[in-house]
K.L.:
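I'd like to ask some things about the structure below.
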Amino acid sequence: AQTVTQSQPEMSVQEAETVTLSCTYDTSESNYYLFWYKQPPSRQMILVIRQEAYKQQNATENRFSVNFQKAAKSFSLKISDSQLGDTAMYFCAFRPFLGAGSYQLTFGKGTKLSVIP
Amino acid sequence: EAEVAQSPRYKITEKSQAVAFWCDPISGHATLYWYRQILGQGPELLVQFQDESVVDDSQLPKDRFSAERLKGVDSTLKIQPAELGDSAMYLCASSPGVGTGELFFGEGSRLTVL
């Protein structure tokens, strides 16, 4: 079974600054996907960024980028130029590439990010 | 833009009562999930459907919870009888079932059991 750990229950950042959210995971799989999802207050969860484990290049999506360290089983999210709309819960999630449960996501407990004006 | 629809958004019930949640996934999405999210926690999978078939319900408390997706489209999650510990957000998600496996979530149904 896979586990996902987010060690920062809450974080805050000044508007326009950069913040990094941490995530570690444990798996015996060699191929898998990692995701960061954002859950704004009272709104649905949406995908922020996705990383395929077989790709060495770190994924980027506009102001969002990841630092994927496969050997260390670490997958951090960096948010640059933080905006008030980035205030949300952020969840790290894992999905095996193949096999049983290959379409299921295992989530961490989340990090509550507050962007301060 | 297509979205996953869920109802009701909020439900308050007394313990021992029955409650039901409905989910309509994005059209064409073969895979449907029900997750439970306790306040301050990450979502935990309750049940996964592939079309009308249950793929995984290993974490579903089957003595009180049931889920169905009769025609392989919309789905209902039922709790009977509700207990205080069932208070949570119930999230429905869908995915095409192929590709990178991104899940698309509904806004959720928040249940409060008194």
Side-chain angles (χ1 to χ4, degrees), chain A residues 1-10 21-25 29 31-55 59 61 75 88-113, chain B residues 1-10 21 23-26 29-51 53-60 88-110 112:
Chain A
Q2 295 82 20
T3 59
V4 178
T5 302
Q6 294 179 248
S7 59
Q8 305 152 314
E10 293 192 40
L21 309 183
S22 301
C23 172
T24 58
Y25 57 95
E29 303 281 342
N31 289 319
Y32 47 87
Y33 296 104
L34 294 164
F35 305 83
W36 280 98
Y37 276 83
K38 168 185 177 182
Q39 188 178 39
S42 300
R43 296 183 61 186
Q44 72 258 51
M45 198 172 307
I46 57 173
L47 179 67
V48 174
I49 198 165
R50 169 180 51 233
Q51 175 78 43
E52 290 87 347
Y54 59 86
K55 291 185 178 179
E61 287 288 342
F75 183 60
M89 284 289 291
Y90 286 82
F91 293 97
C92 179
F94 171 98
R95 197 210 109 186
F97 186 71
L98 291 172
S102 59
Y103 295 110
Q104 296 176 10
L105 293 184
T106 300
F107 288 87
K109 292 188 174 182
T111 296
K112 183 178 181 180
L113 177 67
Chain B
E1 183 175 333
E3 293 187 343
V4 176
Q6 287 190 249
S7 65
R9 287 291 309 280
Y10 304 94
F21 303 111
C23 172
D24 191 13
I26 292 173
H29 281 194
T31 311
L32 184 146
Y33 311 80
W34 284 101
Y35 279 86
R36 178 168 61 184
Q37 184 179 18
I38 296 170
L39 188 63
Q41 305 279 329
E44 295 181 330
L45 182 71
L46 290 174
V47 61
Q48 176 187 347
F49 289 93
Q50 181 69 25
D51 299 310
S53 300
V54 173
V55 173
D56 185 352
D57 63 357
S58 58
Q59 300 303 310
L60 188 71
M89 177 76 83
Y90 290 84
L91 297 170
C92 181
S94 69
S95 74
V98 293
T100 59
E102 175 186 352
L103 269 59
F104 296 82
F105 285 86
E107 292 186 313
S109 295
R110 180 166 293 285
T112 301

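Just so it is clear: chains get the letters A, B, ... in the order the sequence lines come, proteins before strands, and each one is counted from 1.
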K.L.:
Is it the case that the side chains of B/Gln6 and A/Gln44 hold a donor-acceptor pair, with the cut-off being a distance below 3.5 Å and no angle test?
P.N.:
no
K.L.:
In Å, rounded to the nearest 0.5 Å, how long is the span from CD of B/Glu107 to CD of A/Gln39?
P.N.:
11.0 Å
K.L.:
What part of B/Leu91 is in contact with chain A, defined as an atom under 4.5 angstrom from a non-hydrogen atom: side chain, backbone, both or neither?
P.N.:
side chain
K.L.:
Under 4.5 Å heavy-atom distance to chain B, tell me which part of A/Gln6 shows up: side chain, backbone, both or neither.
P.N.:
neither
K.L.:
Need one label for B/Arg9: side chain, backbone, both or neither, based on atoms under 4.5 Å from any heavy atom in chain A.
P.N.:
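Contact with chain A is through the side chain of B/Arg9 alone.
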K.L.:
Does the side chain of B/Tyr35 come within less than 4.5 Å of A/Met45's, by heavy atoms?
P.N.:
no
K.L.:
Measuring heavy-atom distances to chain A, does B/Glu3 have an atom under 4.5 Å in its side chain, in its backbone, in both, or in neither?
P.N.:
side chain
K.L.:
For the side chain of A/Tyr37 and the backbone of B/Leu103, is there at least one donor-acceptor N/O pair under 3.5 Å apart?
P.N.:
yes
K.L.:
To the nearest 0.5 Å, tell me how far A/Arg95 CZ sits from B/Glu102 CD.
P.N.:
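Those atoms lie 11.0 Å apart.
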K.L.:
Please enumerate all residues that pass ring pair (Phe, Tyr, Trp, His ring centres under 6.0 Å) together with B/Tyr90, with sequence neighbours excluded.
P.N.:
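In terms of ring pair (Phe, Tyr, Trp, His ring centres under 6.0 Å), with neighbours along the sequence ignored, B/Tyr90 is linked to B/Phe21.
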